[in-house]
Chemist: 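Mind looking over this structure? Questions follow.
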Amino acid sequence: PDLRGLVQPLIDRREGLLRAAARLAEAGDGTLMTRHHGDFHLGQILVSESDAYIIDFEGEPARDLAERRAKSSPLRDVAGFLRSLSYLVATADLDQDAVVDGDQSRRHSIIADFGEKAEEAFLQRYREATGDAGSLATPDKTYHAILDLFLLEKAAYEIGYEARNRPKWLPIPLGGFSTIANRLMENVE
C-alpha cells in the first residue's frame, strides 16, 4: 500500500510506456554491438593509488549465460553506471543518522547536486571519448533513445531485484523508473 502512489501511475500508463520502449528499441537497429560488462556499476570499480580497475565481467546474475555473452550496445553499461549514481544519491539521502542534527534540506540539496554533476560529468566525458572513436560515435538522437531504453530496462531489472532481496529499497528503483517514464511520456503526450 505504501508504494501505490509510485506504482499506480506506471500501471495507468503501461500501454504508452510499452509503445515508447518499442520506439526507443527501433532507434538501436543497425547500431554498434560490442562485448560489454553487463553489470557495470560503482561497485565494479576498484581504485588503487591513481588508477581504476573495472572488475567482474560476468554480467547480470539473473540473465542466462547466452544472454550475458551476447554482444550489446555499449550504452547498456553507460545506463548501468548512471543508475548506480542514482542509487548512490538515494542511499546517501537515507543515511540521515550519520549526520548530526542540522538542516536536512541543505544536506538533501548537496546530495542531489552531487548526483546531477556526477552524471553530467560522466556523460560529457563519455561523449568526448566516443565522439572521435569512429564506430563508437553515435548521432545524438540515436544515442539518447538507446540510452533511455537501457535506463528504463535497468530500472525495471532493479525493481525485480529489490522486490526479491530488499523490499524496503523498492522506492529507489520505482522512483528512478518513474522519472525516466515521465520524461519519455512527456515527449509523447
Side-chain angles (χ1 to χ4, degrees), residues 21 24-25 27-28 31-98 110-138 142-177 179-180:
L24 295 172
T31 59
L32 176 71
M33 304 284 273
T34 65
R35 297 268 178 236
H36 65 292
H37 189 282
D39 189 25
F40 190 52
H41 55 78
L42 288 165
Q44 307 289 25
I45 303 169
L46 298 178
V47 177
S48 176
E49 296 179 17
S50 63
D51 211 345
Y53 300 89
I54 299 173
I55 61 168
D56 192 12
F57 285 83
E58 60 200 28
E60 286 179 350
R63 295 185 188 270
D64 65 42
L65 184 59
E67 196 174 356
R68 288 188 272 164
R69 295 186 70 203
K71 291 182 178 182
S72 182
S73 169
L75 290 172
R76 179 168 289 205
D77 286 337
V78 172
F81 187 81
L82 293 175
R83 288 295 309 140
S84 185
L85 286 174
S86 184
Y87 257 74
L88 175 68
V89 168
T91 56
D93 221 13
L94 290 178
D95 295 335
Q96 293 184 8
D97 292 341
I110 290 169
I111 291 169
D113 188 49
F114 165 80
E116 289 172 22
K117 287 184 172 153
E119 182 176 312
E120 287 172 17
F122 176 74
L123 289 174
Q124 179 182 355
R125 295 298 299 154
Y126 179 82
R127 289 298 276 174
E128 288 172 6
T130 60
D132 296 329
S135 60
L136 281 175
T138 308
T142 304
Y143 164 83
H144 289 292
I146 296 169
L147 183 56
D148 281 341
L149 176 68
F150 288 131
L151 285 168
L152 200 60
E153 176 192 54
K154 187 67 176 172
Y157 173 86
E158 292 163 359
I159 290 167
Y161 178 87
E162 297 303 1
R164 287 186 305 277
N165 299 293
R166 297 182 292 207
K168 289 184 178 182
W169 282 31
L170 262 171
I172 296 171
L174 279 169
F177 190 93
T179 299
I180 299 160

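What's counted below: heavy atoms across the whole structure, side chains too, no hydrogens, waters or symmetry copies.
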Chemist: List for me each residue that meets ring pair (Phe, Tyr, Trp, His ring centres under 6.0 Å) alongside F57, sequence neighbours excluded, and say none if there are none.
Modeler: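 Here the qualifying residues are H37.
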Chemist: Evaluate F150 against L24 for side-chain contact (heavy atoms from CB on, under 4.5 Å), listing each step before the verdict.
Modeler: CA-CA 9 Å; F150 288 131; L24 295 172; over 6 Å; no
Chemist: R35 and A70: which non-hydrogen atoms are nearest, and at how many Å?
Modeler: NH1-C, 4.4 Å
Chemist: Determine whether T138 and T130 satisfy the following criterion, side-chain contact (heavy atoms from CB on, under 4.5 Å), listing intermediate values before the conclusion.
Modeler: CA-CA 8 Å; T138 308; T130 60; over 6 Å; no
Chemist: Do L123 and L82 come within less than 4.5 Å of each other through their side chains, counting heavy atoms only?
Modeler: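 Contact flag for L123/L82 side chains = yes.
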Chemist: For G80, is there any backbone N or O sitting under 3.5 Å from a side-chain donor or acceptor partner on S84?
Modeler: no
Chemist: Would you call D64-R69 a salt bridge at under 4.0 Å N-O?
Modeler: no
Chemist: What is the distance from atom CD of E119 to atom CD of Q124, rounded to the nearest 0.5 Å?
Modeler: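 E119 atom CD to Q124 atom CD measures 12.5 Å (nearest 0.5 Å).
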Chemist: Which value, rounded to the nearest 0.5 Å, describes the distance between L85 atom CG and E116 atom CD?
Modeler: 12.0 Å
Chemist: Could you tell me which residues satisfy side chain to side chain donor-acceptor pair (under 3.5 Å) with E158, sequence neighbours excluded, listed by chain and number?
Modeler: R83
Chemist: How about R125: does its CZ atom have over 12 heavy atoms from other parts shown lying under 6.0 Å from it?
Modeler: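 Open.
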Chemist: Looking only at heavy atoms, what is the nearest atom pair of L151 and I180, with distance?
Modeler: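 Scanning both residues completely, I find the closest heavy atoms to be O-CD1, 3.6 Å.
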Chemist: Flag the pair E153 and R63 as a salt bridge only when some basic side-chain nitrogen lies within less than 4.0 angstrom of an acidic carboxylate oxygen.
Modeler: yes
Chemist: Show the nearest heavy-atom pair for residues Y87 and P173, with the distance to one decimal.
Modeler: OH-CD, 3.4 Å
Chemist: Quick one: pull up CD in E60 and NE2 in H41 and give me the separation to the nearest 0.5 Å.
Modeler: 9.0 Å
Chemist: So which atom in F40 and which in D77 form the shortest heavy-atom distance, rounded to 0.1 Å?
Modeler: CD2-O, 3.6 Å
Chemist: Which atoms form the tightest heavy-atom contact between A25 and L149, and what is the distance?
Modeler: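 Minimum heavy-atom contact is CA-CD2, 3.7 Å.
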Chemist: Please report the closest heavy-atom contact between P74 and T34, naming both atoms and the distance.
Modeler: CD-OG1, 4.0 Å
Chemist: Applying salt bridge (Lys or Arg N to Asp or Glu O under 4.0 Å), can you list everything that pairs with D56, at least two apart in sequence or on another chain?
Modeler: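 Not a single residue meets the salt bridge (Lys or Arg N to Asp or Glu O under 4.0 Å) criterion with D56.
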Chemist: Would you compute the distance between atom CG of L152 and atom CZ of F177 and round it to the nearest 0.5 angstrom?
Modeler: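 Here the interatomic distance stands at 4.0 Å.
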